[in-house]
Amino acid sequence: MADIALLVIDAAEGVREQTKEAISHIKKSNLSFIVVFNKIDKPNADPEKVKRELMKEEITVESMGGQVPTAEVSAKTGQGIPELLDLILLVAEMQELKADFEKPGQGVVIESYQDSFRGPTATLLLTDGCLKTGDIIGTDSAWTKIKDLENFLRVSVEKAWPGDPIIVFGFNQVPKVGEEFKVFLDAESAEKNIKIVEPVPLATPSVAAGEKILNLIIKADVEGSLEAIEGILKNLPQDKVILRILKAAVGNIGESDLKTAEGTKALVVGFRVKIDATAKKMAERKKISLIVFELIYELVEGVRKIMEKALESEEIRQDLGKMKVLAVFLSEKNRQILGGRVVEGEIRKGASVEVFRNEEKIGQGRMINLQRSKKDADKVVRGEECGLLLESDIKVIDGDTLVFYTKERRKLEL
């Protein structure tokens with residue numbers, strides 16, 4: 001949708017991971033762009049250092065002999081903003097960006113949501129032509145007759161021109177983000193343009209034996225948020241726990257969402273939405289999991305933690321060492337006092353023990369106490385002799401080999 005990109009970088013912080021991600025998007029889109037050094041008012045701002053960092057990302061600005069223009073601004077003080085606007089116009093002129101102001105308006109839906117007072121509402125970006133009050137516009141999913149146009153300051157205007165972001169309300173339903181819109185001669189033509197998409201019947205996903213799955217129902221404030229949340233969640237690792245989004249829609253969390261969650265054992269996740277009173281009571285009564293977040297980052301981390309909770313902890317074994325039994329000093333019931341030499345690694349007090357005879361495992365037990373030179377010790381290493389108290393149902397004899405190890409339960413991560 002864009003003709004020119006602005007790569008905004010903190011002049012004090014420099015190139016970060018999110019900067020590199022933005023650079024990747026710009027390169028893939030093959031857009032002309034301007035590097036904007038923000039926070040130039042800070043004492044530690046160093047745009048020259050950032051320019052050198054950009055060269056490592058294969059971006060050379062004009063002052064370093066390249067072709068990428070730059071601007072130094074402060075969002076806090078307003079410094080450099082007029083110069084940035086002039087630079088944008090200069091780049092647009094060099095690209096010969098043009099539009100026909102006489103033709104009917106057309107453009108793209110860049111945001112949409114359900115307004116509690118005005119109904120289905122969308123923010124439109126005009127890419128060509130002129131849009132005015134009274135025009136009938138439509139997308140592949142919705143249409144409306146424009147009763148009022150609002151600019152980005154929410155001030156009513158009579159007309160909008162290419163490059164203008166405008167707010168339009170009164171659609172028959174919430175249009176989808178990314179859809180193109182255009183002007184129609186009449187309401188009938190706009191209605192006929194709508195492509196009817198049959199709803200896909202909801203079915204509980206089948207789960208293979210041993211497979212873990214987390215079903216999700218997502219409700220968000222606007223279509224743009226919903227699109228971003230779905231995209232990020234789908235990138236979460238799913239080799240251990242499968243994430244399935246059963247429903248994703250704009251609007252508050254209602255009773256129908258809870259009924260769907262109850263039938264599919266889904267987690268209901270909301271982003272900047274409210275919970276209807278009846279839905280809240282139903283969630284408490286039916287003990288349906290329901291969480292609302294204000295930040296996308298917190299939402300994603302919350303879902304990740306719930307996925308990790310579904311994982312069982314695994315038992316990790318750490319082999320320590322081996323001891324050759326040289327003597328049996330005392331043997332009673334299930335306890336024995338043994339003497340021997342550590343032949344591999346080290347052995348530690350309290351370790352678990354496996355007993356081998358003629359290279360065949362015949363049993364196991366646990367070390368109760370460990371001594372070296374008749375003094376208690378926490379560990380004995382290879383080559384040293386020691387005595388130990390072993391608890392086991394197996395009667396150990398001279399020549400047996402004891403293998404020492406520890407086990408700990410570790411929570412799995414995605």
Side-chain angles (χ1 to χ4, degrees), residues 17 207-214 232-243 267 289 297-298 300-414:
E17 285 304 314
V207 183
E211 190 176 53
K212 298 186 180 298
I213 185 170
L214 175 62
I232 297 172
L233 288 178
K234 286 175 181 177
N235 286 328
L236 287 176
Q238 298 185 42
D239 53 327
K240 296 174 184 175
V241 179
I242 296 173
L243 185 65
L267 167 69
S289 299
Y297 169 77
E298 291 178 351
V300 174
E301 285 304 301
V303 171
R304 178 193 285 273
K305 288 179 181 178
I306 292 170
M307 291 173 71
E308 288 180 343
K309 281 184 180 179
L311 295 173
E312 296 176 356
S313 59
E314 65 175 354
E315 196 170 57
I316 305 297
R317 169 173 168 153
Q318 180 185 9
D319 289 323
L320 302 174
K322 296 180 181 179
M323 185 191 89
K324 194 74 171 179
V325 178
L326 302 178
V328 178
F329 298 112
L330 178 67
S331 182
E332 57 178 22
K333 293 184 179 180
N334 62 342
R335 291 192 173 193
Q336 290 181 282
I337 296 177
L338 310 171
R341 179 182 292 108
V342 179
V343 295
E344 187 178 309
E346 65 180 32
I347 62 176
R348 299 177 193 165
K349 184 178 178 179
S352 298
V353 182
E354 291 177 334
V355 182
F356 286 80
R357 185 171 298 160
N358 299 323
E359 299 185 355
E360 181 183 347
K361 180 181 173 181
I362 60 172
Q364 57 190 36
R366 185 170 68 92
M367 184 206 300
I368 304 300
N369 194 31
L370 178 65
Q371 288 190 341
R372 181 180 61 239
S373 302
K374 297 183 179 182
K375 293 182 180 179
D376 289 346
D378 291 326
K379 70 176 181 178
V380 179
V381 298
R382 179 183 177 184
E384 296 180 339
E385 292 188 356
C386 62
L388 60 86
L389 176 58
L390 176 69
E391 184 179 72
S392 174
D393 293 333
I394 298 297
K395 295 300 179 183
V396 178
I397 63 175
D398 294 358
D400 285 349
T401 298
L402 305 184
V403 175
F404 297 83
Y405 64 95
T406 59
K407 281 186 178 181
E408 63 174 343
R409 300 204 71 85
R410 186 178 301 168
K411 191 67 179 176
L412 293 174
E413 296 181 350
L414 294 181

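Nothing here was measured: the structure is a model prediction, and the numbers come from that model. Index from 1, following the sequence.
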Do the side chains of Val342 and Val381 get nearer than 4.5 Å, heavy atoms only? no
So does [Y] get a backbone contact from the side chain of [X], meaning a donor-acceptor N/O pair under 3.5 Å?
| X | Y | value |
| --- | --- | --- |
| Ser392 | Gln364 | yes |
| Lys379 | Lys349 | no |
| Asp400 | Ile397 | yes |
| Lys324 | Asp398 | no |
| Gln238 | Leu243 | yes |

Rounded distance [0.5 Å steps], [atom1] in [X] versus [atom2] in [Y]:
| X | Y | atom1 | atom2 | value |
| --- | --- | --- | --- | --- |
| Leu233 | Met307 | CG | CE | 8.5 Å |
| Glu391 | Ile368 | CD | CD1 | 4.0 Å |
| Gln371 | Leu388 | CD | CG | 9.5 Å |
| Met323 | Glu346 | CE | CD | 14.5 Å |
| Glu301 | Glu308 | CD | CD | 8.5 Å |
| Leu330 | Ile337 | CG | CD1 | 4.5 Å |

Search all heavy atoms of [X] against all heavy atoms of [Y] and return the closest pair with its distance.
| X | Y | result |
| --- | --- | --- |
| Arg304 | Leu236 | NH2-CD2, 3.5 Å |
| Lys395 | Ser331 | NZ-OG, 3.4 Å |
| Ile347 | Phe404 | CG2-CD1, 3.0 Å |
| Arg348 | Leu370 | C-CD2, 4.3 Å |
| Ala351 | Leu320 | CB-CD1, 3.9 Å |
| Leu390 | Met367 | CD1-N, 4.3 Å |

Just checking Asp376: does its CG atom have more than 12 heavy atoms from other residues, nucleotides or ligands closer to it than 6.0 angstrom? yes
Using a 6.0 Å cut-off, check whether atom CD of Glu360 has over 12 heavy atoms from anything other than its own residue.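 Count not over threshold, so no.
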Name all residues meeting the side-chain hydrogen bond (donor to acceptor under 3.5 Å, both in side chains) criterion together with Asp319; count only those two or more places apart in sequence or in a different chain, and write none if there are none.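 Partners of Asp319 under the side-chain hydrogen bond (donor to acceptor under 3.5 Å, both in side chains) test: Arg317.
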Trace of the salt bridge (Lys or Arg N to Asp or Glu O under 4.0 Å) decision for Arg335 with Glu332: CA-CA 5 Å; Arg335 291 192 173 193; Glu332 57 178 22; over 6 Å; no
Report the C-alpha separation of Val325 and Val355 in whole Å, then their side-chain angles, then the decisive distance to 0.1 Å, and conclude whether the side-chain contact (heavy atoms from CB on, under 4.5 Å) test is met. CA-CA 10 Å; Val325 178; Val355 182; over 6 Å; no
